Amino acid sequence: MDPMIELCDIIARRPEQFRDKLAWICGRCPQPETLQNDSPRASRSQLHAVIGVARFLSKCPHSRDDRPISVTLEFIRAIPSSFHRSFWPQSYNNDAISSFFVDFLKYISETANASPDLASEIAEYFGEVVTTSVSNQDGNGNDTAISRAFLLALSNNFPPVLQSDADQLIEHLFDQLSTLLTASQGEIPGTLDTQAAANGSSVYWNSYADHMNFSIDGGGAMFAQQVASFEDESMEGLEKQEVAFKLIAHTLEKVSIDQKHLEQVRLIAKKQLQSMSAFLKIRKRDWNEKGQPLKARINAKLSAFQAAARMQIKSLVCLDVDAKTSKKLVLETLALLIDAAEACLLSVWRKLRACEELFISLLSGIAQVAVSRGGQPLRVLLIRLKPLVLAACMQADTWGSSQGVMFDGVLKTCCEIIETGWAKDRAPIDTFIMGLATSIRERNDYGDQDDKEKQEVPAVQLNVIRLLADLNVAISKPEVVDMILPLFIESLEEGDAITPSLLRLRLLDAVSRMASLGFEKSYRETVVLMTRSYLSKLSSGGSGENKTSESEATTERFETLPAGFLLIATGLKNAKLRSDYRHRLLSLCSDVGLAAEAKSGRSGADFLGPLLPAVAEVCSDFDPTVDLEPSLLKLFRNLWFYVALFGLAPPIQKTQKSDSSTLSSSGSMSAIALQAVAGPYMWNEQWSSAVQRIAQGTPPLVVSSVKWLEDELELNALHNPGSRQGSGNEKAAVSQRTALSAALGGRVDVGAMSTISGVKATYLLAVAFLEIIRFISNGGILNGDTSGGTSFTASRSAFSCAFEYLKTPNLMPAVSQCLTAMVHRAFETAVSWLVCSSFIVLSLDMLDHLYLYLIILSHKHSLAFLVSFQEDRITKTGDEAVIRESTLFAHACFLINSMSQREEHIRDIAVKLLVQLREKFPQVLWNSSCLDSLLFFVENETTSVVNDPAWEAAVRSLYQKNVREWTVESLSYAPCTTQGLLQEKLCKANTWQKAQHTTDVVSLLSEIRIGTGKNDCWTGIRTANIPAVMASAAAASGANLKLSEAFILEVLSTGIVSATVKSNYAGEIAGMRRLYNSMGGFQSAAPQQGFGGGLQRLISGAFSQPQQTEDEAFNEVSISKFVRLLQQFVNSAEKGGELDKSQFRETCCQATALLLSNLGSDRKSNVKGFSQLLRLLCWCPAYIATPDAMETGVFIWTWLVSAAPQWGSLVLAELVDAWLWTIDTKRGLFASDWKYSGPTAKLRPHLSAGEPEELPDINPVDQIIAHRLWLGFFIDRFEVVRHNSVEQLLLIGRMLQGTTKLPWSFSRHPAAAGTFFTFMLLGLKFCSCQSQGNLQNFRSGIQLLEDRIYR
């Protein structure tokens, strides 16, 4: 069956293309002549085909092929024949037959809904089928069971019928119901008075037992008779009732029926609703049946009632809206539905799922009827709805996370009625809402009890409060909030909720939820109330309260109020309100800290800690780098002052280092201060997390270079007079100095801080906590603009805050020493985070990376695989790696920019830290943004308004020195990539209008030379000393050198020439594009096939493409042209033709410029063409395998990875594939046959066994030289990616693994010796990385590779 369904789905997507398949499926269906027999039979395959055709029609109803609908209509006509058991295969039991009807009718109904034309054709046949099935279901046996299964499926999916057939069907259903309902309904005495009006809500505040103490009119005998009448109904009869009611409702929905029939429908439904209330009030002990049989009967009866209620609601739709009688019927129906809903709510069966579904159905019908009619029905409904809501609140759970289905249904109904009736008739809506709101102040059934404090809050009050809060959140109207909130606040300030109680907790939760909606008036009133309440808890301290009140007061202080503050912070979206709320919360924290500071014990942290999550949330979108008012900055200072004072910050030392003598001399206060620094953490972990989040949004705690926030008088004001930790307490001062020294990692001795007062030491400790925690939490990235995704700018580096303290002039030596130590301590934390995250990133997904490694080793199409890996495999590991690298580069860029600061000591610190960062993370050497910051600093600094020639000269000299060191360092490890990046920057410099900028950039690179001889630029042996790497570097530079001879390469001159060449090629492509667009485009050539077709794996699935733009058409034409030209070069080389070096180089450069011109495009059109072109650019040099071709290859590969670093994995994957292909085809370094072994091939058997062989037509030395250049490029890439790209490292590992597999395939030619040992050197360099954090998980595999190399 499943294959047939899948085939039909495929055909439905392309019916014209698969017409033959559709005809085949239709041919497998039962044929008309077969179905017209006296005793038709259907096979299993035929039934599957029928389902398949019906599914096809549901998905493609407008198909131009008439055969599917004709086959379906013929089968519909034959459905009455299927009511005989002989029609079905022997393997089909009743469940299989029922499943067939369900699927078939579902697809037929969907087809009719989608196509009115098909609906009319289906209606012509279906009415007779339904009537026959209704007539056939009476009796026993398999045949009637089949017809009942059909009707049961039909009750859920009802296709259209004709008007005449509908009346006939209704009559048949009436006949059936007349026999089913006579016994149960005809003699039922005494029903509920449906006209009874609600006399208020007080009755619903009574206990549930009072509701159940009812009596049926007529006494016990009539009650027993009523129970017996319900028990006399058979389960089959109940099922038939349900099906009949559903069919009638469907019929009313599809067509209009005779008014006489409609009146009968309403009468039947009315009697059902009347009996429903009586049925639901029967208690369990009154039933004769017990256990599971009784439960099954209740479920069946409730389902029938639900179908009857739906039938009654559908009948009201057919009423004349303006008729007087229709209004009366509507009011009567509403009364019945509400009575039935109340009975559901109070029934002993209310926990049954069937009863819950019935209740929800009744509420839905109530809302539908009242809202559609409006006017008087809406007013009457709202009068009756209030007691129903109160009854639902009485039954719901008081404190659970979910109040139950019935409570949720009442809430949903209230929301629907209020939202729909808001514009139609506002007055009764307001009255209804106010009635619910005022009901919370009703306190009934307390009698004459004197001690009212002992009375528990009625559950209905608590749940009404929750319902009103949920109601406000759902409809989100300020007018509704303004109606309810004043009553709640009045209760909190003057009513029963003024003292700690469950009622107060629920009201506080409700007002905070309403305030979170962001309506200004309600927000301000609520925040003032909650702030005042929190401060009052701090002043009272819970004194004078009984145990119950004390518990509730504690809950309010530690849970309810903090949760409310957090909810408001989360819900507010308006920037103005968030700014106001941020100021209010920080002010509250300052007041709480000041009030709690003088208290003994842990009360300070206990009061301030619960507020921290809300502060963290409201500061989550605050940019700490913007200018802000000093008042707000002082509030941030106060917060961190108390965070440090109370020990609320997370520990900033990994290991606890404490001096026992200090602890003994300073007492417990010193121990607490040191524990706050070294750990373990003493408070709630959520507070620790909140402090870390607050740190990301806190500005540096310094106002300006003139007035600093460490003002002694202001700091002293943060202590209460006479406080044990104030400035007059020397023990407290020693404690804070000791903690500060520990926080700074011991860089400043406690004795050197003797001139720092206690409060100033606390302030400096707060600064240390703040600046170090910034780097602990997320590596030191501040809140700010997130439009760049995971790419961070230098302004978001937390060093921008740490360096602000160093700019303050005339600091005390001890303070200056502490701030400098703080910066170094922050730097150590940042480095630690970067190193740890590098290791953790792999550890978190070790198996996934290992799986990737194994797949790459065996995957045939690495490019396609890596594209799918990068686009589809979004994992935590990948995101964390990107964030880590972006964080590193942001810090590096900031330190580079800081070298232009006016303060010399800041410049010195920046240079020192930058050198350490570069040594620890060499990947910054080849980051484009870092190189931009280095080379083009003049662009930013020359705009300074201050004219200071000495400063400008010092900064320029410092930058030139560091640029030269940076460039030489990067050249010594990866000369190819470095030259590619420099060429990109020179291209950028050439686009500037100011000549001074270009001159400065050029002057920085002068006198830098590399070559095959001795290099004076660096000392020691570096990667660039390897001859193959240097030859590849010469090729990457674009210089026209003979790489087989010694050469000296001037980086500047060759870089300028190559940058000019690249700019020219980019200009050619841009000019061709403009010309093409100006001409309106022209007919594109047909796409070329051939080499590179394997890249079609980059495209997965069949997607409809939007109409081509002119740019897309140009790309298609250009790609087709370059693919054709490159294939011609390959074909010529395979035939032994000579390579035109200049033409090949020009074609490759133009193709590369075309690829890069689309780098910033977000459209995914022409992906296949671009992938094929990229693959050709990587494979062509390998195919041609000459030094000239490989020089061009190295040049364009360097161009690609330098201009588009994000393509590094794609390019390297193709190069690894091409390298392994040369092993399989025995080319160059891997030409292991004897004929490629040089002179020794002719000296056999003199030097080795075997017959002499003729030399090959192709010179093997040229191919070996090509491999040598290629290998130099691989080594260069290895040095660049070894620290930050696991994917590319694994690709290089795949190349090494494939190259060293046994038996070895290396050439015996003498010229291959140097290249062979160069390859072995690369292998050993790769194996030396096994101790790196990002390859820790692959150590075993690397050790095996190392063993293979040594052997």
Side-chain angles (χ1 to χ4, degrees), residues 155-158 166 169-170 173-174 177 181 185 191-192 194 241-259 261-277 279-280 301-323 325-345 354-382 384-385 388 406 409-410 412-417 420-421:
S155 65
N156 295 319
N157 295 284
F158 192 83
L169 173 61
I170 293 293
L173 292 173
F174 283 163
L177 289 173
L181 300 178
Q185 297 287 345
T191 56
L192 295 178
T194 58
Q241 287 182 36
E242 179 186 1
V243 171
F245 294 151
K246 286 184 176 180
L247 292 179
I248 293 175
H250 283 304
T251 305
L252 294 176
E253 188 177 8
K254 298 291 183 182
V255 296
S256 298
I257 65 173
D258 185 70
Q259 288 297 317
H261 291 159
L262 186 61
E263 185 64 28
Q264 288 179 289
V265 169
R266 288 198 294 269
L267 180 60
I268 294 173
K270 177 181 177 180
K271 290 184 177 181
Q272 287 291 309
L273 292 176
Q274 289 174 338
S275 65
M276 185 192 307
S277 298
F279 175 84
L280 289 169
K301 189 64 177 176
L302 292 177
S303 298
F305 282 145
Q306 183 178 349
R310 184 173 181 271
M311 180 178 69
Q312 177 73 321
I313 296 168
K314 293 296 181 183
S315 68
L316 290 179
V317 179
C318 305
L319 292 175
D320 184 3
V321 177
D322 298 326
T325 56
S326 67
K327 293 183 179 180
K328 179 180 178 181
L329 291 174
V330 168
L331 294 176
E332 181 181 292
T333 302
L334 282 176
L336 289 171
L337 292 174
I338 292 176
D339 287 339
E342 290 176 349
C344 284
L345 195 59
C355 190
E356 292 176 342
E357 292 177 352
L358 172 60
F359 182 76
I360 298 301
S361 178
L362 291 171
L363 289 180
S364 176
I366 290 170
Q368 181 181 350
V369 172
V371 169
S372 62
R373 299 290 173 172
Q376 186 180 1
L378 180 60
R379 293 185 177 92
V380 172
L381 168 63
L382 292 174
R384 294 292 309 275
L385 186 61
L388 181 65
M406 291 187 173
V410 169
K412 182 179 179 182
T413 302
C414 291
C415 293
E416 184 178 349
I417 292 174
T420 310

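Model, not experiment: these values are computed from the prediction.
- Using a 4.0 Å cut-off between a side-chain N of Lys or Arg and a carboxylate O of Asp or Glu, K328 and E332 do not qualify as a salt bridge.
- Taking 4.5 Å as the limit, every side-chain heavy atom of I257 sits out of range of all side-chain heavy atoms of I248.
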Go through the steps for K246 and E242 under the test salt bridge (Lys or Arg N to Asp or Glu O under 4.0 Å), then give the verdict.
CA-CA 6 Å; K246 286 184 176 180; E242 179 186 1; 3.2 Å; yes
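- Between the side chains of S315 and Q312, at least one donor N or O sits under 3.5 Å from an acceptor N or O.
- Side chains of L388 and T413 form no contact here, defined as non-hydrogen atoms less than 4.5 Å apart.
- M276 has its side chain within reach of L273: a pair of non-hydrogen atoms, C-beta onward, lies under 4.5 Å apart.
- Between the NZ atom in K301 and the SG atom in C355 there is a gap of 14.0 Å [rounded to 0.5 Å].
- For the pair K412/L363, no side-chain contact is recorded, criterion being any heavy-atom separation below 4.5 Å from C-beta on.
- Atoms CG and CD1, from L362 and I366 in turn, are 6.0 Å apart once rounded to the nearest 0.5 Å.
- Here CG of L334 is found 11.0 Å from CG of L329. Values are rounded to the nearest 0.5 Å.
- The nearest pair of heavy atoms linking L358 to C344 is CD2-SG, 3.6 Å.
- Across F245, F359, F279, a single residue satisfies ring pair (Phe, Tyr, Trp, His ring centres under 6.0 Å) together with F305, and that is F279.
- Remark: L177 CG to K271 NZ distance equals 12.0 Å, nearest 0.5 Å.
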Set out, in order, the CA-CA distance, both residues' side-chain angles and the distance that settles side chain to side chain contact (heavy atoms under 4.5 Å, CB included) for L280 and L302, then state yes or no.
CA-CA 9 Å; L280 289 169; L302 292 177; 3.5 Å; yes
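- Looking at I268 and M311, their side chains come closer than 4.5 Å, going by heavy atoms from C-beta outward.
- Looking only at side-chain heavy atoms (C-beta outward), T333 and I313 stay at 4.5 Å or farther from each other.
- The aromatic rings of H261 and F174 sit perpendicular, their planes meeting at an angle over 60°, well past the 30° parallel limit.
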Side chain to side chain contact (heavy atoms under 4.5 Å, CB included) between E416 and S364, intermediate numbers included:
CA-CA 9 Å; E416 184 178 349; S364 176; 5.6 Å; no
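- Summarising the geometry, atom CG belonging to L173 is positioned 11.5 Å from atom CD belonging to Q264; distances are rounded to the nearest 0.5 Å.
- In this structure the side chain of K314 reaches within 4.5 angstrom of the side chain of R310, judged on heavy atoms.
- Under the 4.5 Å side-chain criterion, counting only non-hydrogen atoms from C-beta, I170 is not in contact with L262.
- Of all non-hydrogen atoms in Q274 and L336, the two that sit nearest each other are CG-CD2, 3.7 Å.
- Rounding to the nearest 0.5 Å places CG of L382 at 6.0 Å from CD1 of I417.
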